[in-house]
Amino acid sequence: MSSSRKSITDLVLHLHPKRVSAETLRLTLSWGLGGMATVLAGMLFITGVMLLLAYQPTIDQAYESVLVLTREIPFGRWVRNIHHWSANLLAAVAVLHMVRVVLTGGFGPGRRLNWVIGLVLLVLLLAANFTGYLLPWDQLAYWAVTICTSMLGYIPLCGHWLETLFRGGDEIGPATLANFFVLHAALLPGLMLILSLWHFWLVRRAGGLVRRKEDGPSDAVPTSPNLLMREAAVGLSLIAFVLVLAMVADAPLLEQANPGMSPNPAKAPWYFQGFQELLLHLHPSFAIFVWPLLAFLALICLPFARGTALTPGVWFGSHQGRLLAILAILAGAGLALSAILLDGLLLFSTPVNAANTWIARGLFPTVALIVLMAGAYVVLVRKLGYSRAEAVMAGVLAVLAVLIVCTVVGVWFRGPEMLLSWPWAQTGA
Ligand code: HEM
């Protein structure tokens, strides 16, 4: 082996044990999603540093500096596109990685803390994505950030304070850009780096990925080349994919931000459009605060309740678990779609923020949903003989399906005035 090749292998081996279980080498166990998230985060970091060489974080110069970057600096547009696509793919890959962890029983004993760290990483990476959204200071950025920071205002008690804190005042302006720039380019990447290293170390301390016979006889094989070659194959394919995608698809850049002219519809970034969709149907405090908080708390507590993790290393826990998973996804998606259509066709004329909607569009749907989920859990476990873990998995997948349907409707099926419309019929205003 050449000395340079040996140095690279030695460096990568520092992140791994010398030997790994052969069972965990199956691509179908993890689909390499955690590794893909790592590669995307690396690409973000490298292209982010390159963008900093051209970007000017003031409202007079930000837009102009992005124009210069994309039109005049060699490869500037490509670097910006790589940064854009890596960030968006990372959001999707991290959610898929989380779902993989749930479906292979990856948050059981020994991995509980890592689950919580993963959730914090997810919040941080969404925040990093969102703070980067404002930096080009174009119409898309300005109005998406206006929508999202005003959503914060609906949080009970401290909402207005949070809104002012993030904006750096009452309006989106120079202070907002300065705040977002520091968060995006320094604070959030720094925190993510520290937490990621902790995350990797905890995987190693747990003895590697989840597998069927965690205490059984060891089937260990040398990490190099067995694991390293597989990681290289996944990582290099992903890098090639992003590089090509960034050549053919440009990151959006509209006209310079104009606080006096709001686009119609004004939408949040895609990863928050599920919540923007909820906002059309529920009382704002419930859409922005109560429902996301309940979901997040449930996810945090998941590993700490008894019997919530599926059989380690077995997708869906069992064959009947797989069927249940499909049913849960169909039920969640069907429920969300019917609720959206019913509300759109029958009730959309009712103003959502009127005082009486606190009960009709806040408390009532929340209690109804909790009762429905608790009822489904009892039926699955007591009457149909599913395990607690399988019932919990069904709940997580149903909620995820609701969020995905809300996001898809928000991204493609909301036109001017946020009314339901076919994507090809939307002209905007
Ligand atoms: C920036 C985001 C993230 C990165 C870079 C990352 C990276 C990784 C890597 C490299 C692994 C090793 C196994 C694999 O490839 O799947 C892993 C495992 C794990 N991750 Fe993540 N992760 C991230 C986000 C998350 C999230 C959002 C969660 C869940 C809330 C999570 C929970 C876990 C758990 C519990 C394990 C151990 C699972 C097992 O042993 O099978 N991670 N992560």
Side-chain angles (χ1 to χ4, degrees), residues 12 14-17 20-21 23-45 48 86-129 188-214 223 227-228 230-235 237-238 271 295-304 308-317 392-393 396 399-400 403:
V12 181
H14 270 88
L15 295 172
H16 295 301
V20 284
S21 153
E23 190 191 325
T24 60
L25 294 177
R26 266 186 308 137
L27 181 65
T28 50
L29 175 61
S30 70
W31 290 105
L33 289 162
M36 287 192 208
T38 312
V39 169
L40 290 168
M43 291 176 83
L44 276 171
F45 186 77
S86 306
N88 285 286
L89 285 172
L90 177 58
V93 164
V95 172
L96 289 176
H97 169 60
M98 183 177 103
V99 174
R100 184 295 278 177
V101 170
V102 173
L103 297 185
T104 57
F107 59 68
R111 294 185 170 80
R112 292 182 177 127
L113 175 60
N114 218 9
W115 167 261
V116 177
I117 291 176
L119 279 178
V120 178
L121 270 172
L122 184 64
V123 172
L124 292 181
L125 78 87
L126 288 179
N129 243 311
L188 292 168
L191 280 174
M192 282 175 66
L193 181 68
I194 296 169
L195 286 181
S196 301
L197 294 176
W198 194 2
H199 197 62
F200 303 152
W201 179 70
L202 285 175
V203 173
R204 204 174 151 172
R205 203 185 63 175
L209 296 194
V210 270
R211 56 189 186 281
R212 256 167 273 182
K213 294 181 225 91
E214 300 219 80
T223 301
L227 176 60
L228 295 196
R230 285 168 169 83
E231 284 183 338
V234 172
S237 311
L238 178 66
Y271 37 84
F296 190 71
L297 287 180
L299 281 179
I300 292 245
C301 297
L302 207 56
F304 301 98
T308 47
L310 291 168
T311 316
V314 181
W315 272 84
F316 306 100
V392 166
M393 166 200 72
V396 173
V399 171
L400 193 75
L403 194 61

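Start at 1 and go down the list; that is how both ligands and their atoms are numbered. Values below: all heavy atoms of this structure, side chains included; hydrogens, waters and symmetry mates excluded.
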What is the closest protein heavy atom to atom 24 (C) of ligand 1, and at what distance does it sit?
His97 CD2, 3.6 Å
Should you measure from each heavy atom of Leu122, which atoms of ligand 1 turn up under 4.0 Å away?
27 (C)
Check ligand 1 against Ala37 and write out every atom of the ligand that is under 4.0 Å from a heavy-atom position of the residue.
4 (C), 5 (C)
If you count the atoms of ligand 1 from 1 in the order shown, which ones are under 4.0 Å from a heavy atom of Gly208?
40 (O)
Atoms of ligand 1 less than 4.0 Å from Gly106 heavy atoms?
35 (C), 38 (C)
Ligand-side contact atoms (ligand 1) for residue partner Leu119, heavy atom cut-off under 4.0 Å:
30 (C)
If we only count N/O pairs under 3.5 Å, is Asn114 in contact with ligand 1?
no
Side-chain donor/acceptor of Trp315 to backbone N/O of Thr28, under 3.5 Å
yes
Here the atoms of ligand 1 under 4.0 Å from any heavy atom belonging to Val203 are 17 (C), 18 (C)
Looking only at heavy atoms, is any part of Leu125 under 4.0 Å from ligand 1, and if so is it the side chain, the backbone, or both, or is it neither?
side chain
Is there a polar contact between ligand 1 and Ser30, counting only N or O atoms under 3.5 Å apart?
no
Counting only nitrogen or oxygen atoms and a 3.5 angstrom limit, does Ser196 reach ligand 1?
no
Ligand-side contact atoms (ligand 1) for residue partner Phe200, heavy atom cut-off under 4.0 Å:
7 (C), 10 (C)
How far is atom 8 (C) of ligand 1 from its nearest protein heavy atom, and which residue and atom name does that atom have?
His199 CD2, 3.5 Å
Below 4.0 angstrom from a heavy atom of Val101, which ligand 1 atoms are there? Numbered from 1 as shown, please.
33 (C), 34 (C), 35 (C)
At under 4.0 Å between heavy atoms, which part of Phe107 makes contact with ligand 1: side chain, backbone, both or neither?
neither
So, does Arg100 sit close enough to ligand 1 that a heavy atom of it is under 4.0 Å from the ligand?
yes
Less than 3.5 Å between some nitrogen or oxygen of Leu121 and one of ligand 1, yes or no?
no
